[in-house]
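Structure first, then comments.
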Amino acid sequence: MTTKTDSREIALDVLLEILENGGMSHLVLNQALTKYRYLEKQDRAFITRTVEGTLEYVIQLDAVIDRFSSVKTERQKPLIRTILRMSVYQILYMERVPDPAVCNEAVKLAKKRRFAGLSGFVNAVLRSVAREKETIVFDDPTLRYSVPRWMFAMWEEEYGRETAERIAASFLTERPLTVRCNESRAATGAVTVGLREQGITVKPSELVPGVLELSGYDAPDSIRALADGLVTVQDAASALVGFAAPPKSGDFVLDVCSSPGGKALHAADLLAKSGGEGIVEARD
């Protein structure tokens with residue numbers, strides 16, 4: 001039987017590895033979800049949302065912590081800083097988790113990780129945030145959208161303030177998993193039927209044919225079409241390249257920035273689907 005503390009501990013370890021040790025977020029999170037795949041679906045969903053949300057809002061979260069803490073985030077112990085970040089995210093953005101529970105579990109985490117002496121500090125900061133959260137306003141768009149100041153300034157100079165804010169806001173928009181059908185192996189229609197038979201919600205992309213938006217699945221590695229090589233994880237904008245410049249038989253395709261290789265694989269799939277022959281070289 002798993003507990004909320006189990007999930008919070010896993011989320012804490014994942015965030016520590018990413019934020020403090022420089023781990024690649026998608027790899028570290030996937031490794032953790034694979035390791036703890038025996039957990040209930042809601043526990044794994046909690047880990048995923050806590051980790052991804054904390055990473056997306058970390059600039060904003062630090063500003064909130066600094067507002068209510070006598071010790072700024074940059075001077076805090078890495079463990080305490082991470083506990084505060086993930087807990088403030090839960091207080092501000094996860095309505096189903098009661099604020100008192102977030103505070104109590106954060107204190108337990110600090111004590112369990114041998115920082116009992118700082119548990120009172122953690123409790124005081126989080127209860128202040130919970131008490132004052134309705135009054136928190138972000139006039140600065142870099143804090144409102146949690147983007148680096150230099151990046152927003154670049155967008156604003158290039159596109160104007162209104163467009164810059166739309167770009168920044170788009171990064172915080174939740175999106176479904178997007179996959180491209182490997183049509184040299186199976187037609188999009190057949191793949192769609194198989195996905196829906198598995199109980200997965202499928203929506204065809206409005207931008208690119210053969211690209212599907214998926215939701216309602218348990219975990220990516222539970223999607224049979226993905227395990228069978230019938231689909232590849234790739235966003236629509238990336239897949240659009242192959243349709244904009246489709247390779248013909250006899251072509252030599254050179255992908256000079258091929259990591260992780262979605263466009264190169266798509267080019268090869270398009271060649272194979274057409275029955276033609278060619279060469280696709282992937283470099284990075």
pair Ile223-Leu214: side-chain heavy atoms closer than 4.5 Å: yes
Interatomic spacing from SG in Cys103 to NZ in Lys108 - rounded to 0.5 Å: 12.5 Å
Rounded distance [0.5 Å steps], CG in Leu12 versus CG in Leu19: 10.5 Å
Partner residues of Phe171 under the ring-ring contact (aromatic ring centres under 6.0 Å, His included) criterion, sequence neighbours left out: Trp155
Distance (rounded to the nearest 0.5 Å) between Asp228 CG and Leu226 CG: 9.0 Å
Residues Arg113 and Asp13 bridged, charged N to O under 4.0 Å: yes
Side chains of Leu212 and Leu177 in contact at under 4.5 Å (non-hydrogen atoms): no
Straight-line distance of Leu15 CG to Thr50 OG1, nearest 0.5 Å: 8.0 Å
Derivation and outcome, side chain to side chain contact (heavy atoms under 4.5 Å, CB included), residues Val280 and Leu265: CA-CA 8 Å; Val280 178; Leu265 289 174; over 6 Å; no
Side chain to side chain contact (heavy atoms under 4.5 Å, CB included) between Arg166 and Tyr159, worked out: CA-CA 10 Å; Arg166 288 206 305 270; Tyr159 305 110; over 6 Å; no
Minimum-distance pair of heavy atoms, taken over all atoms of Ser119 and Lys111: OG-CE, 3.6 Å
Working for side-chain hydrogen bond (donor to acceptor under 3.5 Å, both in side chains), residues Ser7 and Asp43: CA-CA 6 Å; Ser7 302; Asp43 287 329; 3.2 Å; yes
Joint hydrophobic cluster, Leu61 plus Val97, side-chain heavy atoms closer than 4.5 Å: yes
Trace of the side chain to side chain contact (heavy atoms under 4.5 Å, CB included) decision for Val191 with Val231: CA-CA 8 Å; Val191 173; Val231 299; 3.5 Å; yes
Validation row: Val179, Thr232 side chains within 4.5 angstrom (heavy atoms): no
Working for side-chain hydrogen bond (donor to acceptor under 3.5 Å, both in side chains), residues Gln60 and Tyr93: CA-CA 12 Å; Gln60 183 189 106; Tyr93 294 106; 2.5 Å; yes
Ala110 versus Ile80, closest heavy-atom pair with distance: CB-CD1, 4.3 Å
Joint hydrophobic cluster, Val211 plus Val202, side-chain heavy atoms closer than 4.5 Å: no
From CA spacing to verdict: side-chain hydrogen bond (donor to acceptor under 3.5 Å, both in side chains), Gln234, Ser238: CA-CA 7 Å; Gln234 186 175 10; Ser238 174; 2.8 Å; yes
Side chain to side chain contact (heavy atoms under 4.5 Å, CB included) assessment of Lys41 paired with Phe46: CA-CA 9 Å; Lys41 181 178 180 179; Phe46 174 86; over 6 Å; no
Check ion pair Glu9-Lys112 (N to O, under 4.0 angstrom): yes
Spacing of CD1 belonging to Ile10 relative to CG belonging to Asp6, to within rounding of 0.5 Å: 6.5 Å
Residue pair Val253 / Pro247: nearest heavy atoms and the distance that separates them: CG2-CB, 3.9 Å
Non-hydrogen side-chain atoms of Asp269 and Arg180 separated by less than 4.5 Å: yes
Heavy-atom side-chain contact between Val58 and Tyr89 under 4.5 Å: no
Polar side-chain atom of Asp251 near backbone of Lys248 as donor-acceptor pair, under 3.5 Å: yes
Residue pair His26 / Asn30, side-chain heavy-atom distance below 4.5 Å: no
Phe121 vs Leu84 side-chain heavy atoms within contact, under 4.5 Å: yes
Verify same cluster id: Phe115, Val102 (apolar side-chain graph, 4.5 Å): yes
Salt bridge Glu132-Arg67, side-chain N to carboxylate O under 4.0 Å: no
Minimum-distance pair of heavy atoms, taken over all atoms of Ala236 and Leu207: CB-CD2, 4.0 Å
Test salt bridge (charged side-chain N to carboxylate O under 4.0 Å, His left out) applied to Asp99 and Arg131, Lys133, Arg127, the passing residue: Lys133
Side-chain donor or acceptor of Gln198 paired with backbone N/O of Ser222 under 3.5 Å: yes
Cluster overlap Val137 with Phe68, hydrophobic side-chain contacts below 4.5 Å: no
side-chain hydrogen bond (donor to acceptor under 3.5 Å, both in side chains) between Asn182 and Ser184, intermediate numbers included: CA-CA 6 Å; Asn182 293 317; Ser184 64; over 6 Å; no
Carboxylate-amine/guanidinium proximity below 4.0 Å for Asp255 and Arg283: no
Joint hydrophobic cluster, Val107 plus Val125, side-chain heavy atoms closer than 4.5 Å: no
Validation: residues 270-277 side-chain donor-acceptor distances under 3.5 Å, sequence neighbours left out:
{"residue": "Lys273", "atom": "NZ", "partner": "Glu183", "partner atom": "OE1", "Å": "3.1"}
{"residue": "Ser274", "atom": "OG", "partner": "Leu270", "partner atom": "O", "Å": "3.4"}
{"residue": "Ser274", "atom": "OG", "partner": "Leu271", "partner atom": "O", "Å": "2.8"}
{"residue": "Ser274", "atom": "OG", "partner": "Gly276", "partner atom": "N", "Å": "3.4"}

Nearest-0.5 Å distance, CD1 of residue Ile59 to CZ of residue Phe138: 12.0 Å
Closest non-hydrogen atom pair, Ile91 against Ala130: CG2-CA, 3.9 Å
Worked check of salt bridge (charged side-chain N to carboxylate O under 4.0 Å, His left out) between Arg161 and Glu165: CA-CA 6 Å; Arg161 180 64 170 258; Glu165 291 208 30; 3.2 Å; yes
Non-hydrogen side-chain atoms of Gln76 and Ser69 separated by less than 4.5 Å: yes
Under 3.5 Å donor-acceptor, Ser170 side chain and Ile167 backbone: yes
Verdict with reasoning, Glu74 to Arg81, per salt bridge (charged side-chain N to carboxylate O under 4.0 Å, His left out): CA-CA 8 Å; Glu74 62 184 16; Arg81 177 166 56 224; over 6 Å; no
Lys72 atom NZ, neighbour heavy-atom count above 12 within 6.0 Å: yes
Contact summary for Arg144 and Asp139, nearest pair of heavy atoms: NH1-O, 3.3 Å
Test salt bridge (charged side-chain N to carboxylate O under 4.0 Å, His left out) applied to Asp235 and Arg175, step by step: CA-CA 10 Å; Asp235 64 48; Arg175 291 179 173 84; over 6 Å; no
Whether Asp66 side chain and Thr73 backbone form a donor-acceptor pair below 3.5 Å: yes
